[in-house]
Amino acid sequence: MKITPIRNENDYQKAINRLEEIFDAKKGTDEGDELEILSILINRYENEEFPIGMPDPIEAIKFRMEQMGMKQKDLAEVVGFKSRVSEILSKKRKLTLGMIRKLNVTLHIPTEVLIQDY
């Protein structure tokens, strides 16, 4: 087992190929240890090279509403009037701190997402 850092796309591809070869290795074996280490290295490389940013706050609200089967009138119970919901969803009105708190609790959207500029 010779494991080296993943520094470029070629190293990454080799690591992925090796991971596929030993994917079913048992824990506690040499190949199991290699699998665990390769997984960590691959994860680190992917996080550095292909970072995933946070979603747009309004898109996150719309997505979560869709998941929960909510309509604009349902969201009005959380943030206020139906017209306010319309303004928020069309990005004409910014979220207030109070709205962010309520949306966090009701829709379970992380505050880090909701406080971003849009």
Side-chain angles (χ1 to χ4, degrees):
M1 159 171 72
K2 182 176 189 262
I3 298 177
T4 59
I6 301 173
R7 294 187 178 106
N8 54 47
E9 184 66 29
N10 188 42
D11 293 344
Y12 173 70
Q13 200 54 52
K14 285 179 187 176
I16 292 289
N17 292 339
R18 179 62 181 153
L19 184 85
E20 290 174 355
E21 289 174 19
I22 61 173
F23 190 75
D24 293 322
K26 303 284 184 225
K27 266 188 165 183
T29 65
D30 286 345
E31 283 189 339
D33 292 345
E34 182 181 4
L35 175 66
E36 187 175 347
I37 294 167
L38 277 176
S39 298
I40 293 167
L41 291 172
I42 290 168
N43 185 46
R44 181 175 153 226
Y45 180 80
E46 288 175 344
N47 288 339
E48 289 174 1
E49 295 298 315
F50 316 113
I52 299 174
M54 284 197 274
D56 175 82
I58 304 307
E59 293 306 315
I61 292 169
K62 289 177 181 177
F63 179 74
R64 194 70 180 117
M65 286 175 61
E66 183 179 322
Q67 282 184 321
M68 297 173 75
M70 292 177 74
K71 304 283 185 216
Q72 284 192 19
K73 66 178 178 142
D74 302 319
L75 195 60
E77 296 173 14
V78 178
V79 298
F81 303 104
K82 193 174 177 182
S83 59
R84 184 173 295 157
V85 172
S86 181
E87 291 172 342
I88 290 168
L89 295 180
S90 65
K91 298 184 179 182
K92 293 179 182 173
R93 177 185 287 265
K94 297 286 185 186
L95 294 170
T96 66
L97 184 58
M99 290 177 194
I100 290 170
R101 287 180 178 144
K102 289 177 183 176
L103 290 167
N104 170 258
V105 170
T106 306
L107 301 181
H108 307 288
I109 300 172
T111 53
E112 304 84 50
V113 172
L114 295 170
I115 63 171
Q116 296 178 96
D117 282 332
Y118 55 91

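Residue numbers run from 1 in the order of the sequence given. What's counted below: heavy atoms across the whole structure, side chains too, no hydrogens, waters or symmetry copies.
Summarising the local packing, CZ of F81 is surrounded by 12 or fewer heavy atoms from other residues, nucleotides or ligands at distances under 6.0 Å. Residue-environment remark: CD (E46) exceeds the threshold of 12 foreign heavy atoms within 6.0 Å. A 6.0 Å sphere centred on CD of Q67 holds more than 12 heavy atoms belonging to other residues, nucleotides or ligands.
The shortest side-chain heavy-atom distance between M68 and L107 falls under the 4.5 Å cut-off. Contact of the N104 side chain with the I109 side chain is not registered, since no non-hydrogen atoms from C-beta on lie closer than 4.5 Å. Looking at heavy atoms from C-beta onward, T29 lies in side-chain contact with K26 at the 4.5 angstrom threshold. Side-chain contact check for R84 versus M99: some heavy-atom pair is nearer than 4.5 Å. Side-chain contact between V78 and V85 is absent, with no heavy atoms from C-beta onward closer than 4.5 Å. Using a 4.5 Å heavy-atom cutoff, the side chains of E49 and I6 are not in contact. Between Y12 and R7 the shortest side-chain heavy-atom distance does not fall below 4.5 Å.
One finds a salt bridge joining E34 and R18 here, because a Lys/Arg side-chain nitrogen approaches an Asp/Glu carboxylate oxygen to under 4.0 Å. The residues E87 and K92 are annotated as not salt-bridged, no charged nitrogen and carboxylate oxygen being separated by less than 4.0 angstrom.
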Audit row: Y45, D11, side-chain contact (heavy atoms from CB on, under 4.5 Å) steps and yes/no
CA-CA 10 Å; Y45 180 80; D11 293 344; over 6 Å; no

Could you go through I22 and L38, starting from their C-alpha distance and side-chain angles, then the distance that decides it, and tell me whether this counts as side-chain contact (heavy atoms from CB on, under 4.5 Å)?
CA-CA 10 Å; I22 61 173; L38 277 176; 4.1 Å; yes

Can you list the steps and then say if T111 with I100 is a side-chain contact (heavy atoms from CB on, under 4.5 Å)?
CA-CA 7 Å; T111 53; I100 290 170; 4.3 Å; yes

Run the side-chain contact (heavy atoms from CB on, under 4.5 Å) check on I61 and L114 step by step: do they pass?
CA-CA 8 Å; I61 292 169; L114 295 170; 4.0 Å; yes

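L35 CG to I42 CD1: the interatomic distance, rounded to the nearest 0.5 Å, is 8.5 Å. In this structure, L75 CG and T106 OG1 are separated by 8.5 Å, a value rounded to the nearest 0.5 Å. Here the CG atom belonging to L97 is positioned 11.0 Å from the NZ atom belonging to K102, to the nearest 0.5 angstrom.
Contact record, H108 with R64: CD2-NH2, 4.1 Å, taken as the closest heavy-atom pair. The shortest non-hydrogen separation linking D56 to Y118 is OD1-CB, 3.5 Å.
In the hydrophobic clustering of ILVMFWY residues, with side-chain heavy atoms under 4.5 Å counting as a link, V105 and I58 come out apart. There is no path of hydrophobic side-chain contacts, each under 4.5 Å, that joins L19 to I40. The cluster map of Ile, Leu, Val, Met, Phe, Trp and Tyr, joined by side-chain heavy atoms under 4.5 Å apart, puts M54 and I88 in the same cluster. Residues M65 and F63 fall into different hydrophobic clusters, defined by Ile, Leu, Val, Met, Phe, Trp and Tyr side chains chained together at heavy-atom separations under 4.5 Å.
K82 places no side-chain N or O within donor-acceptor distance of the main-chain N or O of D74, the cut-off being under 3.5 Å. A side-chain donor-acceptor contact under 3.5 Å links Q116 to the backbone of P55.
Contacts of E59 classified as salt bridge (charged side-chain N to carboxylate O under 4.0 Å, His left out), with partners at least two apart in sequence or in another chain: K62. Residues satisfying the side-chain contact (heavy atoms from CB on, under 4.5 Å) test with N43, not counting sequence neighbours, are N47.
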